[in-house]
Each structure stands twice: as structure tokens, then as C-alpha cells.
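Below, chain A is the first sequence line, B the second, and so on; all start at residue 1. What you see is a predicted model, and the numbers here were worked out from it, not measured in a lab. Only this structure's heavy atoms are used, side chains among them; waters, hydrogens and symmetry mates stay out.
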There are 2 protein chains.
Amino acid sequence: MKLVEAKEKFIQLWGALGSSWGINRTMAQIHALLLISQKPLSTEEIMENLSVSRGNVNMNIRELMNWNLVSKELIPGERREFFSAEKDIWEVAKRIARERKRREIQPLIQSLEQLQVIEETKKNPEAQAFLSTVAQIQHVVSKMDHAVDTMIKAEEHQLFGLLVKLLK
Amino acid sequence: MKLVEAKEKFIQLWGALGSSWGINRTMAQIHALLLISQKPLSTEEIMENLSVSRGNVNMNIRELMNWNLVSKELIPGERREFFSAEKDIWEVAKRIARERKRREIQPLIQSLEQLQVIEETKKNPEAQAFLSTVAQIQHVVSKMDHAVDTMIKAEEHQLFGLLVKLLK
DNA sequence: TTAAACTTTCAGAAATAATTGAAAATATAG
DNA sequence: CTATATTTTCAATTATTTCTGAAAGTTTAA
């Protein structure tokens with residue numbers, strides 16, 4: 001397989017993966033493209049490379065910046081904006097985890113809290129069972145929340161960090 | 001808030017959560033309904049409760065059974081089929097993790113493998129950078145894969161297990 | 001200033017995903 | 001068997017999400 005083909009396949013793969021985890025396909029593809037690009041790319045270049053419209057690139061790039069996965073690069077002497085992605089994959093994973101935690105886990109924890117304020121007494125077995133289920137979910141979710149915190153704080157094993165540095 | 005309201009809200013919440021993680025809303029709602037139902041429910045009952053069609057219930061129940069989250073219950077003297085959900089939330093989490101691993105992580109690992117067979121030599125810096133990115137992703141993905149394995153094997157902390165037993 | 005270069009917005013169009021509902025298939029009771 | 005209850009399938013419809021493209025907005029250079 002040629003490198004260009006492999007890159008193309010990588011972009012498709014990343015896009016499909018995003019889809020099945022609730023992330024818009026084009027957003028994931030732009031991310032993939034920037035991940036494997038040696039230099040920052042302009043909106044124009046992204047449009048051409050992925051055959052998508054200017055508006056689409058603009059919206060998804062903004063969203064990628066909200067996720068802290070992509071940043072604007074100012075190139076001296078260039079008027080246009082260029083974009084590049086965080087290349088350290090461990091860092092990428094941490095940022096995605098951090099963002100999903102903020103956007104989904106934390107609101108979930110809040111919502112579950114509210115479900116527990118019900119009028120029926122705990123002597124009502126139906127109410128008791130419901131509260132027990134909600135409490136179990138809260139417990140498991142907060143465990144995952146903590147696990148994500150641990151992961152975010154954790155550094156990769158030295159060997160891997162070293163390897164990355166050598167290859168970069 | 002009344003119990004019925006809380007149950008309704010819970011079903012909506014679970015449905016919305018599913019949506020944002022790539023799981024069809026109705027499937028998640030059926031799961032929620034069965035989670036908080038004291039007794040197994042028939043297709044008819046699920047249809048009424050969620051205002052969805054027979055075909056829809058049938059397809060999503062089948063998918064929930066594929067995920068090992070719901071099982072068919074045979075009720076003596078009843079001709080219709082009834083369904084109930086696994087109630088232990090830690091077990092639910094493990095089964096979802098197991099299934100996503102099987103469906104998405106493992107194919108991903110395979111696909112990444114194939115991207116590494118490229119014609120360009122490793123002396124080509126572009127090829128080198130690409131291979132390094134793919135290798136990093138492989139590394140992080142396999143770490144997560146192992147983390148999921150660990151989670152699947154892990155038992156919940158005794159205290160929690162005890163608590164659950166007391167409340168059940 | 002002014003005008004060209006570039007970015008952003010967003011209503012409508014297109015693509016994708018989910019749902020319906022009725023017909024076909026299957027299972028069970030008599 | 002035959003009739004009836006129940007489940008399954010799937011083409012057509014509906015709902016949802018994503019994308020386009022052109023107009024409006026903004027920035028910069030001269």
C-alpha cells in the first residue's frame with residue numbers, strides 16, 4: 001500500500017470510529033487529516049482534501065478547537081488562518097476524556113441527583129426499587145468519573161514517553 | 001416529584017444519554033423501562049409505555065438481547081413473550097464494555113495493523129511520522145483494551161456489593 | 001477610507017438514521 | 001389439520017442530523 005492510500009484509509013477509519021461514538025464524521029475526519037499532516041493546513045486545503053464545503057470545515061474546526069484538539073496557527077506573512085492538531089495521542093485521549101466528562105458525565109450526575117427527590121415513602125417497595133437502581137447508577141457513574149480523573153492525571157509509562165520523543 | 005414522573009424522566013435521560021454515545025434512543029429507552037420495571041414486560045406493554053410501534057420494539061429488543069442486557073422470560077400459562085433487563089448496574093456496565101470492545105475496539109486494532117504495511121521506506125520522514133502516529137494510537141488503544149479487560153474481571157468493592165444486596 | 005481577502009453564519013437541501021405498519025412467517029391451542 | 005395468536009420482516013415514510021453555498025460580516029493592506 002502507498003502512503004497516500006494509507007493516509008486516506010486512516011481518515012476514513014477515524015471518521016467511522018467517530019460516528020459510532022457520537023462524533024460527527026466530518027469532524028473526526030478533519031481531526032484525522034490534521035493528525036497526520038506534517039504542517040498546519042488552511043481551510044482551503046482541508047476543503048480540497050476532504051471534498052467538503054467551506055461552511056462545514058469552519059463549523060467543525062471551531063468545534064475541534066472547543067474540544068482542545070486543534071489550534072489556530074499564525075504563519076508569519078500569511079493572511080489566512082492555519083490549523084494544526086495536538087499530535088501526542090495520549091494527550092488527545094486525555095482531552096477527549098476530559099471533555100466528555102464535562103459535557104456528559106457531570107450533567108448526568110446532576111440529573112440523577114434530582115430523580116431521587118420523590119414523594120413516595122421508602123416503605124413503598126416500588127419506590128425503594130427505583131431509588132436503589134438510581135443509586136447504583138450514581139455509584140457506577142461516579143466510579144467512572146473518578147477513573148477518568150485518574151487517567152487524566154496519569155502520565156504515560158516512561159518507556160512509552162521516551163519512545164514517542166525518539167520518534168517525534 | 002411523583003414516582004411515575006421520576007420514572008418518566010429517567011427513561012428520557014437514559015434515552016438522551018444513549019443518543020450521545022451512538023446508541024439509538026428507543027433502544028436506550030426500552031432498556032431504561034425494563035431496568036426500572038419490577039416485572040417482565042410484554043411487547044404490547046413496552047409499545048404502550050413508550051408510544052412506539054411493534055416493529056420498533058421488536059427490533060430494539062432483539063438488539064438489546066444481542067448486547068446481553070435483556071433476556072426473554074417465559075411466563076407459565078402465557079403465550080406471549082416477556083422481557084426483563086439485567087438489574088445489577090455493575091454487570092450492565094461490564095456487558096456494555098465487553099460488547100463495545102468486541103464490536104469496535106477489536107476491529108480498530110485490526111485496521112490499524114493493516115495501515116502499517118506501506119511501501120515507502122522508513123527513511124522517508126513523512127512515512128516515519130505517519131507510522132509513529134499510528135503506532136501511538138495502537139499503543140493507547142491497546143492500553144484501553146486492557147483497562148476494559150481489567151474492569152470486566154474486577155468485582156465491585158465489597159461494601160458496594162453488600163449495599164446492593166441489602167437494598168435488593 | 002476603500003477594496004480585496006478571508007471568515008462566519010444559517011436557511012434550505014441532501015444524506016442518514018429511525019420508525020411505522022401491514023403483510024408474511026411462525027407458533028400454539030383446540 | 002385449521003384457526004388464531006403472536007412475532008418478524010422490510011419497503012415506504014418520517015424524523016434527525018449534517019452539509020452546502022451564498023450573503024453578511026470582519027480584517028487587513030494600501
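Taking atom CG of residue B/N56 and atom P of nucleotide C/dA22, one finds them 15 Å apart after rounding to whole Å. Counting to the nearest Å, the P atom of C/dT8 and the CD1 atom of A/I46 are 12 Å from each other. In this structure, B/L50 places its CG atom 15 Å from C1' of C/dA18, rounding to the nearest Å. Summarising the geometry, the separation between CE on A/M59 and P on C/dC10 is reported as 11 Å, rounded to the nearest angstrom. Rounded to whole Å, atom P of C/dA27 lies 19 Å from atom CD of B/E78. Spacing between atom CD of B/E63 and atom C1' of C/dT19 amounts to 15 Å, rounded to whole angstrom units. In this entry the distance linking CE of B/M47 with C1' of C/dT19 reads 12 Å, nearest Å. The separation between B/E44 atom CD and C/dG21 atom C1' is 14 Å, rounded to whole Å.
Mapping A/R25 and A/G55 onto DNA chain C by nearest heavy atom places A/G55 at the nucleotide closer to the 5' end. Residues B/M27 and A/F82 both approach DNA chain C. Their nearest nucleotides, taken by heavy-atom distance, put A/F82 toward the 5′ side. Nearest-nucleotide positions on DNA chain D for A/S53 and A/R79 put A/S53 closer to the 5' end.
Across all strands, A/S42 comes closer than 4.0 Å to no nucleic acid atom at all (heavy-atom distances). A/N24 comes within 4.0 angstrom of the backbone, heavy atoms only, and of no base.
In this structure, B/S42 contributes its side chain and B/E45 its backbone to a donor-acceptor pair below 3.5 Å. For the pair A/T150 (side chain) and A/H146 (backbone), a donor-acceptor distance under 3.5 Å is present. No side-chain donor-acceptor contact under 3.5 Å links B/E120 to the backbone of B/A127. Not a single donor-acceptor pair under 3.5 Å links the side chain of A/E73 to the backbone N or O of A/S84.
Between atom CG of residue B/L33 and atom CG of residue B/N49 there is a gap of 4.5 Å, rounded to the nearest 0.5 Å.
Using a cutoff of 4.0 Å between basic side-chain nitrogens and carboxylate oxygens, A/E44 and A/R80 are not scored as salt-bridged.
For DNA chain D, the outermost nucleotides in 5' to 3' order that have an atom under 4.0 Å from a heavy atom of chain A are D/dT18 to D/dT28.
Not one side-chain nitrogen or oxygen of B/N60 sits closer than 4.0 Å to the OP1 or OP2 atom of C/dA18. When the side-chain nitrogen and oxygen atoms of A/T43 are compared with OP1 and OP2 of C/dC6, none of them lie within a distance under 4.0 Å.
B/I105 is not listed as a side-chain neighbour of B/M144, based on a closest heavy-atom distance of 4.5 Å or more.
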